[in-house]
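Note sheet for the following structure.
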2 protein chains.
Amino acid sequence: MAQRGQSDAAGRTPRAPAENAAEITTPMPTINGNGLRDRARAIPEAAVARLAVYLRVLSGMREQGVASVSSEELSGAAGVNSAKLRKDLSYIGSYGTRGVGYEVEVLVDQIERVLGLTREQSVAVVGIGNLGHALANYGGFPGRGFPVTALFDVDPDLMGVPVGGIPVDHIDDIPKVCAAREVTIGVIATPPPAAQAVCDRLVQAGVECILNFAPVVLQVPETVEVRKVDLAVELQILSFHVARRADHAPDADATPAQRVNGNAPNGVVVRR
Amino acid sequence: MAQRGQSDAAGRTPRAPAENAAEITTPMPTINGNGLRDRARAIPEAAVARLAVYLRVLSGMREQGVASVSSEELSGAAGVNSAKLRKDLSYIGSYGTRGVGYEVEVLVDQIERVLGLTREQSVAVVGIGNLGHALANYGGFPGRGFPVTALFDVDPDLMGVPVGGIPVDHIDDIPKVCAAREVTIGVIATPPPAAQAVCDRLVQAGVECILNFAPVVLQVPETVEVRKVDLAVELQILSFHVARRADHAPDADATPAQRVNGNAPNGVVVRR
DNA sequence: AGCCGCTTGTGAACGCAGGCACAAAGTCGC
DNA sequence: GCGACTTTGTGCCTGCGTTCACAAGCGGCT
């Protein structure tokens, strides 16, 4: 993304599944051609998204006392094909043991390192509606993760009211508060009309990574990374598939078998 | 993405047991102009996601009385490159006038047709927490869109209570209620442990498209389309970019806020 | 100690998606 | 009515991401 989703969305994605993000204006000034100091950049965005999934699965395994795992097992649990999993893992280094598999602990540590989860990322949520509430309460994740340290809204009634333990500030204070709390990631959960103004303030505050839930195309400087999650778009994509299915239904040839072919490890099938 | 991811995430993008990726694979590159039905299959998923964005932008334009638009204008507003936009539009047919541009009205209609928005998709939301509330109140979107016609939870206190105008039912009634209300899209907004069970019930109810917000890899039959939106994954992807950025920047150790402020690009705001 | 089988890591092929650039096509002005 | 200008639609080329297939490496078994 995707956001790309998801996508992606991914947003993005690609940049993400749904690829998205930084295309905006600027005709790709990316002098990226150097390809030199790209050690980190060498990891494709799609792979990064999957690494996050692997991390979640691995965390679950660790909690259940699983010490070691093979690419086959892990890929099955993550819903990808094992070759892709191995390639993804190879982007971050060689931490497996041939003939044996991977040590869960090691993999967790390494993925966390690559994803930058070793140092906590401070998150600000702007727009404390239903969605903002949900995000504010999200708190810790699979493992620990992203402490929400600042909340903003325009509603006077919300000012100072703690939500999920954090008091709400006015969006005019975004620059000040974000700087003070070293916010690195901003989340926009406002109504569409307010999104761009909020985004501008976040950028002004030095935030370089933004997760946007508002159905608007944000305009940002090239240095800022934006991922978007658009519920309407997600629904419309699904709607497209429904339509396609309906159109195709009369002569429904038992669905494209090739698509899940190599992926679904044996059992993936229909539970229940 | 899916990608998504959206998927990007995508980002990407997302596919349940599998991932996402190039599906649909229709051999023929599609000749437009006729063959109304088979062309839908040839549209790449990434393009579908963008079409949804174009639709939103176009709806806004229509509301402001804009009658006609060029690929350059529209692509600018949608944040993509104009060639890509034209190619995307070409997937659905030739509705532009050379030398002039596209008629907004026509484009809106055609995109809605392709996305299957002409017949309304009935949506069920499962898990009425903060996120579920947000979704239930989402109501209509850009234009009209996806009527939420059913809500489910396990909490006895919620049973029968109307949220956004729709009463909440127990998840055990999913098959019955979904069938009765002809639900075509299911949205899972439950805690992770409940997600798979809910998913199974939705599938059992005949729902073939699922939007999953729970951080779990759902196991579904191949006939079911799943898109996932994982907030943790989105944040981790952003975190990755923060980390990458820090590695790249020689003056890495300053406080994040200070550092980024220093990097603040000249024209902070690009704005439409 | 040496062999065997298992699993990783990766080079190479393949296929899709993106971008460029141009021919086709239609409009406007004269 | 004709020519020049504008913008679409698309063929081709490039690059990325996925998949395949296999050699390399490691542990266990005899």
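The sequence lines fix the lettering, A, B, ..., with proteins before strands; numbering per chain opens at 1. Heavy-atom basis, side chains included; hydrogens, waters and symmetry copies ignored.
- Note: CG (B:L85) to P (D:dT10) measures 14 Å, nearest angstrom.
- Rounding to the nearest 0.5 angstrom, the gap separating the CE atom in B:M61 from the OG atom in B:S68 is 10.0 Å.
- A heavy-atom distance below 4.5 Å is not found between the side chains of B:K228 and B:L218.
- Atom OH in B:Y91 sits about 9 Å away from atom C1' in C:dG18, given to the nearest Å.
- Exactly one of B:V57, B:L58, B:D109 qualifies for a side-chain contact (heavy atoms from CB on, under 4.5 Å) with B:V104. That residue is B:L58.
- The side chain of A:A83 lies closest to D:dC20 when the candidates are D:dG11, D:dC20, D:dG17.
- Residue B:N81 contributes atom CG, which lies 12 Å from atom P of C:dA21 at whole-angstrom precision.
- Taking CG of B:L238 as the reference point, atom CD of A:Q121 lies at 9.0 Å (rounded to 0.5 Å).
- Rounding to whole angstrom units, CD1 of residue B:I43 and P of C:dC16 are separated by 16 Å.
- For the pair A:R50 and D:dG17, the criterion of a side-chain N or O lying under 4.0 Å from OP1 or OP2 is not met.
- For A:K87 against D:dT19, a side-chain N or O and a base N or O form a donor-acceptor pair under 3.5 Å.
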When you compare the protein's N or O atoms with those of nucleotides 6-9 of chain D, which come within less than 3.5 Å of each other, and at what distance?
from: D:dT7; atom 1: O4'; to: B:G99; atom 2: N; distance (Å): 3.1
from: D:dT7; atom 1: O2; to: B:G99; atom 2: N; distance (Å): 3.3
from: D:dT8; atom 1: OP1; to: B:S71; atom 2: N; distance (Å): 2.5
from: D:dT8; atom 1: OP2; to: B:S71; atom 2: OG; distance (Å): 2.5
from: D:dT8; atom 1: O2; to: B:R98; atom 2: NH1; distance (Å): 3.1
from: D:dG9; atom 1: OP1; to: B:G96; atom 2: N; distance (Å): 3.0
from: D:dG9; atom 1: OP2; to: B:Y102; atom 2: OH; distance (Å): 2.6
from: D:dG9; atom 1: O4'; to: B:R98; atom 2: NH2; distance (Å): 3.1
from: D:dG9; atom 1: N7; to: B:R86; atom 2: NE; distance (Å): 2.8
from: D:dG9; atom 1: O6; to: B:R86; atom 2: NH2; distance (Å): 3.2

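- The nearest whole Å value for the distance from the CD atom in A:E73 to the C1' atom in C:dT8 is 14 Å.
- Considering all non-hydrogen atoms of both residues, B:V220 and B:C199 come closest at CG1-SG, 3.4 Å.
- Rounded to whole Å, the distance from CG on A:L107 to C1' on C:dG9 is 14 Å.
- Separating the CD1 atom of A:I92 from the C1' atom of C:dT8 is a distance of 14 Å, rounded to the nearest angstrom.
- Across every non-hydrogen atom of A:F240 and B:V114, the tightest pair is CD1-O, 3.3 Å.
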